[in-house]
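Notes for the one structure printed next.
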Amino acid sequence: MNLTNLILNTDSYKFSHFLQYPPGTRGISSYIEARGQVDHADVVFFGLQMFLKEYLSRPVAAADIEEAEAIVIAHGLPFNRAGWERIVNVFGGLLPLEIQALPEGTLLRRGVPMVQVVNTDPQSAWLTTYIETALLRAVWYPSSVASNVRKIKQILRPFLEKTCDDPESVLPFRLHDFGARGAGSLEQAGLGGAAHLVHFMGTDTMSGILYARRYYGAPMAGFSIPASEHSTMTAWGIEREPEAYGNMIDTFAKGGTFAVVSDSYDIDYAVSEIWGKQLRDKLKASGGTVVIRPDSGDPIETPVHVIKQLDYHFGSKLNGKGYKVLDPCVRVIQGDGISNSDISLILGRLEAFGFSAENIAFGMGSLLLQRVNRDTYSFAMKTNARLDENGVWRDVYKRPATMNLKASKAGRQAVVQGLSGLEAARLDELDDRPNHLHTVWKDGVLLKDWSFDEIRLRAR
């Protein structure tokens, strides 16, 4: 069985839709947007290129048709064998579609189309909506992660700008991706991990690095440091906890920065007695930096208390903005149960105690890659026009009487620059205004290959 059979990469009810369109239909146009009305831009478009390269670039083969037909009929549904045979015999198995999209990394308001797709073969009008399942999934998930991560960046930036001498160099490493083990699959970790890297450069999600490399040509999009886990620390036993930490200094301090989880038994004792007294001179003389990770306790109070303890034992200096920066040999990362509001509260308390936000970084796991769904930004793909037998585009739309939020746009769409940012417009009313939707894929050919650097710069 071919689990990547593109014919089967859809919802079951889609198999019967080729029989449901009006006779004479030559074209179907559909678009993707994050629905709703929000005054400010809060959605970052990202991820389409990964889908185009990984899935649409693979031609459908005759064997895929045979396999799909047997499964679909056994499943109780009709199968469009003639339609798929035409795609294989006439188009070499590549889908006759034109996909327009905004540049990846674009920030936009809800209600603005980011993708529009239409069939290029008059006999394959059914194909546009057939790929909705796969195409919408390819867009909503990485775009939602990238949008959520941008919000965290917006929380961090003002604290760093106020309390740090060089916020722009510090910011890219303030949110570390710990989400790989909490993701639903390897592919999800890759998609979400790459989306996180649009805004930050610290990650332990290897698949995110690989996806950014494979699909966007990023030689190395993210970085990490040697770090301990509880198994490597508790293997020494409680009596030898100082030796465990000392081994980390001996092994990694010469390389620069390393992280040590320090709450295996008692975080207060570990910071004040082991790091702050027994290993203080050794650490300071090593020339390295230990990033202490408390992994339990109150997620707001604990890291603030650890920083105050480190200040007492290792000291600090005032930076150019008058805030305390810990001795270069110590820093803190908080990665246990962190939410957006927790980050804001922690940084607010540190500022109140006179500490710069650069003393702490944050790690985020399942909240980053897993606690998100299609409704987070109300993503939807809807049909907006039908090309009839006379070559005339007819408006198609929905207007549910009981839920205006689900109303869809009528007519082929364009995206134009308005007074408050990008906004939707009818293509037939575009006049001489530039359309920000550009064809990125047509009939199996990728026409625009965005680099990760371009996306990062656009998403700043």
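Note that the numbering runs from 1 along the sequence shown for the chain. On a predicted model such as this, the values are computed, not experimentally measured, just so you know.
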Original post:
Does NZ belonging to K398 count more than 12 external heavy atoms closer than 6.0 Å?
Top reply: yes
Subject >> Over 12 foreign heavy atoms within 6.0 Å of OH, Y312 >> reply: no
Original post:
What is the minimum heavy-atom distance between M233 and S264, and which atoms define it?
Top reply: CB-OG, 4.1 Å
**OP:** Could you give me the CA-CA distance, side-chain angles and deciding distance for W236 and Y245, then say whether ring-ring contact (aromatic ring centres under 6.0 Å, His included) is met?
**Re:** CA-CA 10 Å; W236 294 72; Y245 297 167; 9.7 Å; no
Subject >> Steps toward side-chain contact (heavy atoms from CB on, under 4.5 Å) verdict (T10, I131) >> reply: CA-CA 6 Å; T10 192; I131 68 161; over 6 Å; no
**OP:** Mark yes when over 12 heavy atoms from residues, nucleotides or ligands other than K406 sit less than 6.0 Å from its NZ; otherwise mark no.
**Re:** no
**OP:** Would you list the pairs meeting salt bridge (Lys or Arg N to Asp or Glu O under 4.0 Å) in which at least one residue belongs to residues 98-107, sequence neighbours left out?
**Re:** none
Subject >> Side-chain donor/acceptor of N435 to backbone N/O of V415, under 3.5 Å >> reply: yes
**OP:** Could you walk me through whether T289 and R331 pass the side-chain hydrogen bond (donor to acceptor under 3.5 Å, both in side chains) test, one step at a time?
**Re:** CA-CA 7 Å; T289 299; R331 291 292 185 269; over 6 Å; no
**OP:** For D342 and S339, indicate whether the former's side chain and the latter's backbone hold a donor-acceptor pair under 3.5 Å.
**Re:** yes
**OP:** Walk me through it: do D298 and H305 pass the test side-chain hydrogen bond (donor to acceptor under 3.5 Å, both in side chains)?
**Re:** CA-CA 10 Å; D298 187 283; H305 182 60; over 6 Å; no
Subject >> Contacts of E243 that satisfy salt bridge (charged side-chain N to carboxylate O under 4.0 Å, His left out) - sequence neighbours left out >> reply: R240
Original post:
Quick one: do the N384 and Q116 side chains pair a donor with an acceptor below 3.5 Å?
Top reply: yes
**OP:** Would you verify whether the NZ or CZ of R213 falls within 45 degrees of the ring axis of Y216 while also being under 6.0 Å from that six-membered ring's centre?
**Re:** no
**OP:** Establish, from distance only, whether the side-chain atoms of S30 and T383 form a donor-acceptor pair under 3.5 Å.
**Re:** yes
Side-chain polar contacts of residues 167-177 - donor-acceptor pairs under 3.5 angstrom, sequence neighbours left out - could you list them?
{"unit_1": "E168", "atom_1": "OE1", "unit_2": "R460", "atom_2": "NH2", "d": "3.3"}
{"unit_1": "E168", "atom_1": "OE2", "unit_2": "R157", "atom_2": "NH1", "d": "2.8"}
{"unit_1": "S169", "atom_1": "OG", "unit_2": "D166", "atom_2": "O", "d": "3.0"}
{"unit_1": "S169", "atom_1": "OG", "unit_2": "D166", "atom_2": "OD2", "d": "2.7"}
{"unit_1": "R174", "atom_1": "NE", "unit_2": "V170", "atom_2": "O", "d": "3.2"}
{"unit_1": "R174", "atom_1": "NH1", "unit_2": "E358", "atom_2": "O", "d": "3.2"}
{"unit_1": "R174", "atom_1": "NH1", "unit_2": "I360", "atom_2": "O", "d": "2.9"}
{"unit_1": "H176", "atom_1": "ND1", "unit_2": "T203", "atom_2": "N", "d": "3.4"}
{"unit_1": "H176", "atom_1": "NE2", "unit_2": "T203", "atom_2": "N", "d": "3.4"}
{"unit_1": "H176", "atom_1": "NE2", "unit_2": "T203", "atom_2": "O", "d": "3.4"}
{"unit_1": "H176", "atom_1": "NE2", "unit_2": "D204", "atom_2": "N", "d": "3.4"}
{"unit_1": "H176", "atom_1": "NE2", "unit_2": "D204", "atom_2": "OD1", "d": "2.9"}
{"unit_1": "D177", "atom_1": "OD1", "unit_2": "G179", "atom_2": "N", "d": "2.7"}
{"unit_1": "D177", "atom_1": "OD1", "unit_2": "T205", "atom_2": "OG1", "d": "3.1"}
{"unit_1": "D177", "atom_1": "OD2", "unit_2": "T205", "atom_2": "OG1", "d": "2.9"}

Original post:
Just wondering, more than 12 heavy atoms not from R181 lying within 6.0 Å of its CZ?
Top reply: no
Original post:
Which word best sums up how the rings of H196 and F200 line up, parallel for under 30°, tilted for 30 to 60°, or perpendicular for over 60°?
Top reply: parallel
Original post:
Would you say the side chains of Q188 and Q370 form a donor-acceptor pair under 3.5 Å?
Top reply: yes
Subject >> Side chain T376, main chain V372, donor-acceptor under 3.5 Å >> reply: no
**OP:** For the pair T106 and R458, evaluate side-chain contact (heavy atoms from CB on, under 4.5 Å) and give the outcome as yes or no after the intermediate values.
**Re:** CA-CA 6 Å; T106 296; R458 194 175 292 120; 3.6 Å; yes
**OP:** Locate the shortest heavy-atom distance separating L197 from F452; write the atom from each residue and the value.
**Re:** O-CE2, 3.5 Å
Original post:
Given I274 and E241, is the side-chain contact (heavy atoms from CB on, under 4.5 Å) satisfied, shown in steps?
Top reply: CA-CA 8 Å; I274 301 177; E241 188 177 18; 3.5 Å; yes
**OP:** Report yes if the side chains of L8 and D64 come closer than 4.5 Å at any heavy-atom pair, otherwise no.
**Re:** no
**OP:** Using a 4.5 Å cut-off on heavy atoms from C-beta on, say whether the side chain of F379 contacts that of L136.
**Re:** yes
Original post:
Do E54 and R214 pass the salt bridge (Lys or Arg N to Asp or Glu O under 4.0 Å) test, and can you show the C-alpha distance, the side-chain angles, and the key distance before you say yes or no?
Top reply: CA-CA 10 Å; E54 180 63 27; R214 176 170 180 174; 3.3 Å; yes
Original post:
Which pair of non-hydrogen atoms, one from K321 and one from C164, has the smallest distance, and what is that distance?
Top reply: NZ-O, 2.9 Å
**OP:** Only pairs at least two apart or in different chains count here, so list each salt bridge (Lys or Arg N to Asp or Glu O under 4.0 Å) that has a residue in residues 441-455.
**Re:** K53-D449
Original post:
Can you find a heavy atom in the side chain of L102 that is under 4.5 Å from one in the side chain of L437?
Top reply: yes
Original post:
Minimum heavy-atom separation for S12 to L77, with atom names?
Top reply: O-CD1, 3.1 Å
Original post:
Is the shortest heavy-atom distance from the side chain of Q417 to the side chain of P434 under 4.5 Å?
Top reply: no
**OP:** Determine, step by step, whether N359 and S356 satisfy the side-chain hydrogen bond (donor to acceptor under 3.5 Å, both in side chains) criterion, reporting the C-alpha distance in whole Å, the side-chain angles of both residues, the deciding distance to 0.1 Å, and the verdict.
**Re:** CA-CA 6 Å; N359 291 300; S356 171; 4.9 Å; no
Original post:
Between D42 and R109, is a salt bridge (Lys or Arg N to Asp or Glu O under 4.0 Å) present by the stated rule, with each step listed?
Top reply: CA-CA 6 Å; D42 70 337; R109 290 178 298 164; over 6 Å; no
Original post:
Can you check side-chain contact (heavy atoms from CB on, under 4.5 Å) on V306 and Q334, steps first, answer last?
Top reply: CA-CA 10 Å; V306 168; Q334 175 64 24; over 6 Å; no
Original post:
Quick one: do the R293 and S262 side chains pair a donor with an acceptor below 3.5 Å?
Top reply: no
**OP:** Over 60° means perpendicular and under 30° means parallel, so classify the ring planes of F258 and F252, tilted if in between.
**Re:** tilted
Subject >> Within the 6.0 Å centroid threshold, strictly below: F46 and Y141 >> reply: no
**OP:** Over all heavy atoms of both residues, which pair between A357 and L347 is shortest? Give the atoms and the distance, please.
**Re:** CB-CD2, 3.8 Å
Subject >> Pair E132 + K14: basic N to acidic O under 4.0 Å >> reply: yes
Original post:
Taking side chain as C-beta onward, heavy atoms only, is V291 less than 4.5 Å from V260?
Top reply: no
Subject >> L127 versus P96, closest heavy-atom pair with distance >> reply: CD2-CD, 3.5 Å
Original post:
Do the side chain of D266 and the main chain of D268 share a donor and acceptor less than 3.5 angstrom apart?
Top reply: yes
Original post:
How would you list all residue pairs meeting salt bridge (Lys or Arg N to Asp or Glu O under 4.0 Å) that involve residues 276-285, not counting sequence neighbours?
Top reply: D250-K282, E273-K277, K284-D327
Original post:
Does anything in residues 363-378 pair up under salt bridge (Lys or Arg N to Asp or Glu O under 4.0 Å), and if so which pairs, sequence neighbours excluded?
Top reply: none
**OP:** Identify the residue among I292, V271, L326 that makes a side chain to side chain contact (heavy atoms under 4.5 Å, CB included) with I307.
**Re:** L326
**OP:** Look at the side chain of Y377 and the backbone N and O of R110, then say whether any donor-acceptor pair between them is shorter than 3.5 Å.
**Re:** no
